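What follows is a set of notes on a single structure, which appears directly below.
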Amino acid sequence: MEGTIVHTPRPSSISRFLRNYGVAVAVVLLILIGSGISYSITPLRTTAVLAATLRASTPLALGALCGLYGERSGVINIGIEGQMLLSAFTAFLINAYVGNLLLGVLVGVLTGAVMGLFLAFMSVTLRMDQIIGGTVLNILAFGLTGYFYQQGLTTPGKLQPIPLGPLADLPLVGQVLFNNPPITYLTLLLVALSQYVLFFTRWGLRTRAVGEHPRAADTVGINVYFMRYANVIIGGCLAGLAGAYLTLEQVGSFERMMTNGRGFLALAMMIFGKWNPLGAWGASLLIGFTYAFQTRLQFMGTIEIPPQFFGMLPYLLTIIVLAGFVGRARPPAADGVPYEKE
Amino acid sequence: MTLRNSSPGDIARRLWRSASVPIGSVLLALLIGAIILIVSGASPVEAYRALFRGSFGDAAALGRTLEKATPLIFSGLAVAFAFKAGLFNIGAQGQLLFGAVTAAAIGFMIEGLPPLIHAPLALLGGALAGALFGAIPGMLKTYTGAHEVITTIMLNYIAINLTDYLANGPLQDTTPGNIVARTPAIEASARIPAIGAIPLGFVIALLMAALAWWLLWHTTIGFEIRTVGLNPSAANYAGMRVSTTIIVTMMLSGLLAGMGGAVETQGIIGRFQPGFNVGLGFDGITIALLGKTHPLGVIPAAVLVGAMRAGSNLMQFNADVATEIIDVILAIILFFVAADSIIRWILRTRAVSEEKVTLSTGWGQQ
């Protein structure tokens, strides 16, 4: 439909920045102002909601990063949900049987990586339709976790918050930012790192080249297949970390279908953030906030609204945000197109 | 796309070429499933025997298979139909739920109608509800560019919550002693009966599959749908209204899914109860892909999956194998069907020249 060439003047760097990160900046500002006002009224509840926001956004941000690495290199990954679910399961199993949280996290990450490898094999080597490839991952993870699920298995514990010295004693900010469990900290680092890697390193340039114009990238000597494999596997690691977060840091146990659509939500966050790590993080914070907010409202129980309406809030908001604010986002040009060497 | 005059022998050869991959995939997947069963300490022979006996062993088992296959034909059709326009409708699950709850509401709220009016009325109501819910992602896509993969998934969760609310609140069964979230049982006049072992819903499903095939290949709108699926810009240049086609396709896809939910309510469950329809819409994706996104290919695929679902209970009971092994096997089948070059290499068959529908055209592009 958009076959005609449109000549647009090159935008200035400020307007480019606003176009890329405008939504994220707006979200962060809104949350900052809103929380400032609400902190002055009910400091305790505000702190709790904001801390919960950051934690609820963690798996979404990690999942969005997973999708981002894949798509920036030209591979659509709708199997994030499955990668998260299976990783959550293996991480939990290791913790339950070995009792080592670190090992559990590592195995979760490894599981995600193996799933990523499988996806890369399907979409890069077999040149399978990538939507089907992702669906295979989702069904496979659902089946495997259900088949090997054991009732009543418990773990010796989960990852605990690590207060960062005196920083954690600051009012509001301390509790929200500097008193978190490890994967939540790690996610913040990974978001910043991904932004840096994708836009300021040779690796990032090559990844984006492969996702935009693989033929040209191939011509200048970039190994398209290798870059796609590597990025999809990196993405798998991140989805695996998200899975480990769910079982080892957030809940502490495994339930069937416990990802509950987070992998798909993460994809929406990636699109909402216009394929930028920082943007996707801003989007994740917004949806994380609705999770935290609805849980809080349900706890308070002062308002007579059926819980199902709170339950659909994150999903409804995602649709509104996608439809109203994102519009026709421009994905990497070669996204979803298998590359065939001449 | 051109109409071909073909001899019976030619048709048989073409049929074998297109059927060899699904059949080979199923066999290979069962083999891998057997390995998983052995590794986890179960007996594949016993498990598969129970699986077969529970799905095709006797008339009752066959009836159960057809019963399970019925809603799956609908959801498979819904997904396959949307695929023809290049749309990936993951939201069949949500559309199906709305169809199911609407049919239940019409089924228990209206009393005293003759069956010949009541049952079709509830069925059409369910279909319409599915169509309306299916139109939302279509409109979101054409007017705002929001990709249907994301919106339909979000709408699934919204549908789960909304129907759950309805069954807990306004439509809840208020008979004394009921504490479960469910609607009252529908009137006998709204039920879709079975003829012997064959559920009437199954016959309706077959008719709808034929209707979908006819619509796609013998009408103008069908031609437009397929053209949009193959090449939207070409369709646009040819003067077709791509946006209208997308919305209409999503509505028809939702209609099929909604009808599936209604048939499930009216023919099997007899009321709406949250959790009873879960998975039907997602199986639809597997079935549509397994049936090569062809309306008639959906039928054998749905019967296969329906048989596995029907037999899995006996398998769990007799061989102590968790029913989820079915999903593992389905995922492997899907893998081999999509990676058809593997099976073709094993069987040494050539590929059929068929209309290729690209599913992953990317997010923002149409």
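Each chain gets a letter, A, B and so on, in the order its sequence line appears, and its residues count up from 1. It should be emphasised that the depicted structure is a prediction, and the values quoted were computed from it without experimental measurement. When reading the values below, keep in mind they use all heavy atoms of this one structure, side chains included, and skip hydrogens, waters and symmetry mates.
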*Where does the angle between the aromatic ring planes of A/Phe118 and B/Phe335 fall among parallel (under 30°), tilted (30 to 60°) and perpendicular (over 60°)?*
tilted

With only heavy atoms counted, which part of [X] is less than 4.5 Å from chain B, the side chain, the backbone, both or neither?
X	answer
A/Arg127	neither
A/Leu313	neither
A/Tyr149	neither
A/Leu126	side chain
A/Asn138	neither

*For A/Ile139, which of B/Asp327, B/Ile333, B/Val328, B/Asp283 qualifies under side-chain contact (heavy atoms from CB on, under 4.5 Å)?*
B/Asp327

*Pick one: which of B/Ile153, B/Thr152, B/Leu140 meets side-chain contact (heavy atoms from CB on, under 4.5 Å) with A/Ile319?*
B/Leu140

What are the two closest heavy atoms between [X] and [Y], and how far apart are they?
X	Y	value
B/Ile150	A/Phe264	CD1-O, 4.2 Å
A/Met128	B/Ala339	SD-CB, 3.6 Å
B/Ala42	A/Tyr147	CB-OH, 4.4 Å
B/Ser40	A/Phe148	CB-CE2, 3.8 Å

*asked:* Working note: B/Phe88 + A/Thr135, criterion side-chain contact (heavy atoms from CB on, under 4.5 Å); need CA distance, chi angles, decisive distance, verdict.
replied: CA-CA 11 Å; B/Phe88 193 8; A/Thr135 307; 4.1 Å; yes

Would you indicate whether the side-chain heavy atoms of [Y] and [X] approach each other to under 4.5 Å?
X	Y	result
B/Met154	A/Leu265	yes
B/Glu324	A/Arg256	yes
B/Asn161	A/Phe310	no

*Among A/Leu137, A/Asn260, A/Thr145, who wins on heavy-atom pairs under 4.5 Å with chain B?*
A/Asn260

*Most contacts with chain B, counted as non-hydrogen pairs under 4.5 angstrom, among A/Gly134, A/Gly261, A/Pro314*: A/Gly261

Using a cut-off of under 4.5 Å for heavy-atom pairs, which of [options] has the most such pairs with chain A?
options	result
B/Leu162, B/Leu155, B/Leu330, B/Ile285	B/Leu162
B/Pro137, B/Ala235, B/Ala234, B/Ala338	B/Ala338
B/Ile90, B/Thr151, B/Thr286, B/Asp164	B/Asp164

Quick check on [X]: does its [atom1] atom have over 12 non-hydrogen neighbours (other residues, nucleotides or ligands) under 6.0 Å away?
X	atom1	value
A/Tyr225	OH	yes
B/Asn231	CG	yes
B/Arg241	CZ	no

_For the CD1 atom of A/Ile132 and the CG atom of B/Leu334, what is their distance to the nearest 0.5 Å?_
6.0 Å

*asked:* Once rounded to the nearest 0.5 Å, what's the spacing between atom CD1 of B/Ile160 and atom CD of A/Gln308?
replied: 12.0 Å

*Measure B/Leu166 against the heavy atoms of chain A and call it side chain, backbone, both or neither at under 4.5 Å.*
neither

*Which atoms of B/Asn156 approach chain A - backbone, side chain, both or neither, heavy atom under 4.5 Å*: neither

